[in-house]
Amino acid sequence: NTLSTNAAIRTANPVPPGEEVSATNTRAQQDLDRILRQARQQTPTDHPLSKPLRISYGHLVVAAVVVLGVVAAGVFQPWSNTGRGGGAAYAATPPALTFPQQPGPPAAKALHQLATHVRALPRQSIPDVIYIKTQGWYLNFRDAGASGRSGIEGTTTEEWISRGSEVTSRTGGIVDQGSSTVMWPNTTFSSDPTTLCNQLSQGHPIEKIGVPELFVAIGDLYREANPDPGVRAAILDLLSREKRVTTDGTMTDRVGRQGVGFSVNTAYSGLPERLTLIFDQQSGALLDSEEMLTKTAGALNVQIPAVTAYTTFLQTDSATPPPIPSQ
């Protein structure tokens, strides 16, 4: 965890400190997000390599990008010339995090040990308002024409979620109150792994799709809750049951924090990809969630390996009253 390593990671971070996407692009993205939320509950097809078209708090999955590219007229996606293949152009994507050269060992033992440590931590009270701050990038169409900003510039989102599941959010300086909804309203998440899995399955077809959907559901849980040590341990126990999950060892996330990474290789989106979760080794809290195409991009014009989405969890705690929406 040297200063040079952290500096390198922060340099690679697509979101410069204090910078946001333009207000115009943010409004367009919020409108698109609201439309796509209705697709969350869709039943996936029986094809083993497919997953439902859905949005998870601003996360546009690869399949959604392909479908929506036609209707996203007027929004510009910048391209980067790589020089490979005679100057072929590829969509700009964030740099990949550093992974072990060889696939890691099964993660069950490491996850179980971390869960045991986390379960012994002091319990915490549930505040009246939870404050969640995330920084993310999702393969999407971004307005770079007017601002001249990079196509890999991400978005910082703040959310205030009340005990009654009322949401106030702020993205790009724009405050939105009342239009966002949580996936599990008025839910107290269980510290029992089996019960927790049943809760997560409300809105996520984990039984049908398997461990890749569990990875997505865990990320969504952290987008609307500040799980106490019991719940964090149950999350780790759930992952430890999955034989396909491998450990990546110590990793550094996109803001220079060290944690332990766990991954699964899958093709549930229709393309081979690697899903990764990075957890803090002391608290067991989720630090970062990553999705990366590994072998082929299909019809997507990105260079392999290609990060298609990441969410970095910057802060999750109680907060002062949320801001007042702009008039």
Nearest heavy-atom contact between Leu111 and Val245 is CD1-CG1, 4.3 Å
Please identify each residue that fulfils salt bridge (Lys or Arg N to Asp or Glu O under 4.0 Å) with Glu158, with sequence neighbours left out.
Arg170
Minimum heavy-atom distance Pro106-Thr247, with the two atoms named:
O-CG2, 4.3 Å
CZ/Phe215 to CG/Leu238 distance, rounded to the nearest 0.5 angstrom?
11.5 Å
Who else is in the cluster with Trp160 when I, L, V, M, F, W and Y are joined by side-chain contacts under 4.5 Å?
Val129, Tyr131
Which is it for Ile206 and Val211 under the side chain to side chain contact (heavy atoms under 4.5 Å, CB included) test, yes or no, and what are the steps along the way?
CA-CA 7 Å; Ile206 296 173; Val211 62; over 6 Å; no
Between Asp176 and Thr168, does the side chain to side chain contact (heavy atoms under 4.5 Å, CB included) criterion hold? Intermediate values first, please.
CA-CA 6 Å; Asp176 182 26; Thr168 299; over 6 Å; no
Minimum heavy-atom separation for Tyr222 and Ala285, please, with both atom names.
OH-CA, 3.6 Å
Sidechain-backbone polar pair: Thr252 side chain, Gly256 backbone, donor-acceptor under 3.5 Å:
no
Minimum heavy-atom distance Ala234-Ser191, with the two atoms named
CB-O, 3.4 Å
Apply side chain to side chain contact (heavy atoms under 4.5 Å, CB included) to residues Asp288 and Leu277 and explain how you reach the verdict.
CA-CA 6 Å; Asp288 193 0; Leu277 300 175; over 6 Å; no
Could you state the interatomic distance from CD (Gln281) to CD (Gln258), rounded to the nearest 0.5 Å?
7.5 Å
Report the distance from atom OG1 of Thr308 to atom CE of Met292, rounding to the nearest 0.5 Å.
9.5 Å
Using 30° and 60° as the class boundaries, would you call the ring planes of Phe279 and Phe262 parallel, tilted or perpendicular?
tilted
How long is the straight-line distance from CD1 of Ile304 back to OG1 of Thr294, given to the nearest 0.5 Å?
7.0 Å
If I compare all heavy atoms of Pro95 with all of Val307, which pair ends up nearest, and what's the gap?
O-CG2, 3.9 Å
Residue pair Thr266 / Arg244, side-chain heavy-atom distance below 4.5 Å
yes
State, with a plain yes or no, whether a side-chain heavy atom of Val118 is found less than 4.5 Å away from one of Leu121.
yes
Classify the side-chain pair Thr311/Arg223 by whether it contains a donor and acceptor separated by less than 3.5 Å.
yes
Non-hydrogen side-chain atoms of Val216 and His204 separated by less than 4.5 Å
yes
Summary of side-chain hydrogen bond (donor to acceptor under 3.5 Å, both in side chains) pairs that have at least one residue in residues 106-123, sequence neighbours excluded:
Arg119-Asp237, Arg123-Asp228
Does the side chain of Phe99 reach to within under 4.5 Å of the side chain of Ser263, using non-hydrogen atoms?
yes
Quick check: do Glu242 and Leu214 have side-chain heavy atoms less than 4.5 Å from each other?
yes
To the nearest 0.5 Å, tell me how far Ile209 CD1 sits from Tyr268 OH.
6.5 Å
So, using side-chain contact (heavy atoms from CB on, under 4.5 Å) as the criterion, who are the partners of Asp192 when residues are at least two apart?
Ser190, Thr194, Thr195
Please lay out, stage by stage, how Thr134 and Thr156 fare under the test side chain to side chain contact (heavy atoms under 4.5 Å, CB included).
CA-CA 6 Å; Thr134 59; Thr156 298; over 6 Å; no
For Ser283 and Asp280, which I'm curious about, is there any donor-acceptor pair between the side chains at under 3.5 Å?
yes
Tell me every residue that passes salt bridge (Lys or Arg N to Asp or Glu O under 4.0 Å) with Asp248, counting only those two or more places apart in sequence or in another chain.
Arg274
Flag the pair Arg241 / Pro193 as yes when at least one side-chain heavy-atom distance between them is below 4.5 Å, and no otherwise.
yes
Using side-chain heavy atoms (C-beta onward) and a distance below 4.5 Å, is Asn226 in contact with Ile132?
no
For Glu207, I'd like to know if atom CD has over 12 heavy atoms of other residues, nucleotides or ligands within 6.0 Å.
no
Can you see which heavy atom on Pro229 is nearest to which on Gln124, and at what distance?
CD-OE1, 3.8 Å
Are side-chain heavy atoms of Tyr310 and Ser289 found at a separation under 4.5 Å?
no
Mind checking what makes salt bridge (Lys or Arg N to Asp or Glu O under 4.0 Å) contact with Arg163, not counting sequence neighbours?
Asp128
Run Glu290 and Arg254 through salt bridge (Lys or Arg N to Asp or Glu O under 4.0 Å) and show every step you take.
CA-CA 10 Å; Glu290 302 269 333; Arg254 294 185 180 273; 2.8 Å; yes
Distance col, row Leu286:CG vs Ile235:CD1, nearest 0.5 angstrom, shows 8.0 Å
Ignoring hydrogens and angles, tell me if any N or O in the side chain of Trp184 forms a donor-acceptor pair with the backbone of Gln202 under 3.5 Å.
yes
